[in-house]
Amino acid sequence: MKPNFSSRLKNCNPSATLEISEMASKLERKGKDVISLGVGEPDFDTPEPIKQCAIQALKDGFVHYTESQGIENLREKITQKLKKQNGVDTNKKEIITTPGAKYALYLICQGLIDEGEEAMLFDPAWVSYPEMIKLAGGKVKWCPTDENHSPEVERFKEIIHEGTKLVILNSPCNPTGKVYSKETIEAITEISREKDVFVISDEVYEKIIYEKSHYSPRSDYENVITVNGFSKTYSMTGWRLGYLNANEEIVNNLTKIQQHSVSCPTSFVQKGARCALTDEIDPYVDEMVNKFEKRRDLVMEKLNKIEQLSCNEPEGSFYAFPKVGVDSMKFSKKMLKKANVAITPGKAFGRKGEGHFRMSFANSEERINEALNRISVFLEEVLNSFS
Ligand SMILES: Cc1ncc(COP(=O)(O)O)c(C=O)c1O
């Protein structure tokens, strides 16, 4: 029998990066030396003390359901972190821990967006936001960014209206590596507040930052829901743990969705995450960020020598977003076939991403060096065939 899928699902696109990663796997199976710069996860191991805490929790039999919002002493620790590091005065009743930051975003979309309502994104944006909005029945409204990848605040002011349901801000930004200035974030949040619109501040890359400093708008504005997670900062992508911080009314209502979907995040993972927020783990994070910064410098040094490309220096995250000015999907496929380097086509991130590609520097310096050498040769040889 042929299934008749819901219109919400029919409307949902598969990941635009899938085609490239499937092609890459095929080439690898044929024995090709493919360098993957497509990945969105740190290439480091989870710090050992975090693992030990989770192992101990398992040994102690901490293997049952927990409170739906997550264990109290993890939520307590998150509020301390938010107070100390982000200037957000909050309490444990305002936290939901979730299976990854992604699920926190999913809860927000499901809980706040009604059929046909608009949610605003800054173009280009992370691939999952538009699909989550559509899965909730909503419509995506794009607001442009300027040539430095910063939101166009004046344009935002013109586009936003009382019917806009929410605005998603992501700084440091995936895919551009841009860190938005405090003034820009404040302006967007203030304009949203005047229209009674919630701002979702996705701060998953807050610690992976090289220039400027991170600003959490929830420290000054109550129309903000903060989303964060453990995947990027602590190399814990596979553990699946994130959280959101919002007022109690939002938290109580979104918790209902969590109760009836996943029940709670995995019990022993929560114990590991609690350990991640202790001072003992800071040196591990510093070391990882220092390595990312060295790689970022290497990437920029090499990219600046390739005359066919231009690239704003990433100020945070572990992505560079060079402009090449040709069809990004064709370009990425050809690059993979000819140079065996896997990148992500810019069009996956929105209309403004077209003509760009995203390259992750979650790979060793040696492999990054080799990949950029291959990219340089590839561009010399084939770029003319695109024009
Ligand atoms: C901007 C952004 N937000 C959220 C996430 C989701 O992270 P998590 O692994 O915590 O679900 C990602 C992962 O790539 C991301 O890039």
Side-chain angles (χ1 to χ4, degrees), residues 15-18 21 36-44 46 50 70 74 78 81 95-110 119-133 135 140 145 149 151 166-180 185 199-209 214 216 224-245 258 261-262 265-266 269-270 272-273 276-277 285 288 292 314-321 344 346 348-350 353 358-362:
S15 165
T17 58
L18 212 69
S21 52
S36 178
L37 303 183
V39 286
E41 59 180 346
D43 54 319
F44 303 100
T46 302
I50 301 178
L74 171 59
I78 292 171
K81 179 260 178 218
I95 306 284
I96 310 180
T97 61
T98 51
K102 200 177 227 176
Y103 198 69
L105 291 159
Y106 188 80
L107 285 184
I108 294 165
C109 291
Q110 290 296 323
M120 184 111 70
L121 296 177
F122 295 96
D123 188 2
W126 178 48
V127 291
S128 291
Y129 298 139
E131 306 314 312
M132 281 192 204
I133 292 166
L135 278 172
V140 180
T145 54
H149 305 309
L166 51 90
V167 173
I168 303 184
L169 263 182
N170 171 220
S171 174
C173 173
N174 174 6
T176 62
K178 180 75 188 167
V179 174
Y180 301 158
I185 297 175
V199 170
I200 316 306
S201 180
D202 179 346
E203 304 182 7
V204 296
Y205 295 101
E206 69 163 332
K207 298 284 181 196
I208 305 173
I209 197 160
H214 175 71
S216 296
V224 177
I225 304 177
T226 305
V227 171
N228 209 330
F230 295 80
S231 288
K232 316 289 175 175
T233 306
Y234 306 102
S235 255
M236 289 172 68
T237 47
W239 293 61
R240 310 309 301 130
L241 202 76
Y243 58 90
L244 66 84
N245 172 224
Q258 173 128 310
S261 53
V262 294
T266 305
V269 162
Q270 295 183 52
L277 294 175
V285 178
M288 177 184 77
F292 275 140
E315 299 159 331
S317 80
F318 39 79
Y319 310 108
F321 201 55
T344 310
F349 305 97
R358 190 193 74 174
M359 53 169 286
S360 149
F361 36 96

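For the single chain, residues carry numbers from 1 onward in sequence order. Computation of the quantities below employed the complete heavy-atom set of this structure, encompassing side-chain atoms and omitting hydrogens, waters and symmetry-equivalent molecules. Numbering of ligands and ligand atoms starts at 1, following listing order. Remember, it's a predicted structure, so these values are computed and weren't measured experimentally.
- In this structure, the salt bridge (charged side-chain N to carboxylate O under 4.0 Å, His left out) partners of Glu206, at least two apart in sequence or on a different chain, are Lys81.
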Can you produce the list of protein nitrogen or oxygen atoms under 3.5 Å from a nitrogen or oxygen of ligand 1, alongside each distance?
| unit_1 | atom_1 | unit_2 | atom_2 | d |
| --- | --- | --- | --- | --- |
| ligand 1 | 3 (N) | Asp202 | OD2 | 2.6 |
| ligand 1 | 9 (O) | Ser231 | OG | 2.6 |
| ligand 1 | 9 (O) | Arg240 | NH1 | 2.8 |
| ligand 1 | 10 (O) | Ala101 | N | 2.8 |
| ligand 1 | 10 (O) | Ser231 | OG | 3.3 |
| ligand 1 | 11 (O) | Ala101 | N | 3.2 |
| ligand 1 | 11 (O) | Lys102 | N | 2.9 |
| ligand 1 | 11 (O) | Arg240 | NH2 | 2.8 |
| ligand 1 | 14 (O) | Lys232 | NZ | 2.7 |
| ligand 1 | 16 (O) | Asn174 | ND2 | 2.8 |
| ligand 1 | 16 (O) | Tyr205 | OH | 2.8 |

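- Considering every non-hydrogen atom in both Pro124 and Phe321, the closest pair reads CG-CE2, 3.9 Å.
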Full working for side chain to side chain contact (heavy atoms under 4.5 Å, CB included) between Ile108 and Met132 = CA-CA 10 Å; Ile108 294 165; Met132 281 192 204; over 6 Å; no
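- Applying the side-chain contact (heavy atoms from CB on, under 4.5 Å) criterion to Glu131, with sequence neighbours excluded, gives Cys12, Asn13, Lys134.
- Without hydrogens or angle criteria, Thr98 side chain to Gly100 main chain gives a donor-acceptor distance under 3.5 Å.
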When the side chains of residues 236-245 are checked against the rest of the protein, which donor-acceptor pairs come out under 3.5 Å, sequence neighbours left out?
| unit_1 | atom_1 | unit_2 | atom_2 | d |
| --- | --- | --- | --- | --- |
| Thr237 | OG1 | Glu41 | OE1 | 2.5 |
| Trp239 | NE1 | Thr46 | OG1 | 3.1 |
| Arg240 | NH1 | Thr237 | O | 3.1 |
| Asn245 | OD1 | Arg218 | NE | 2.8 |
| Asn245 | ND2 | Thr90 | OG1 | 2.9 |
| Asn245 | ND2 | Glu94 | O | 3.0 |

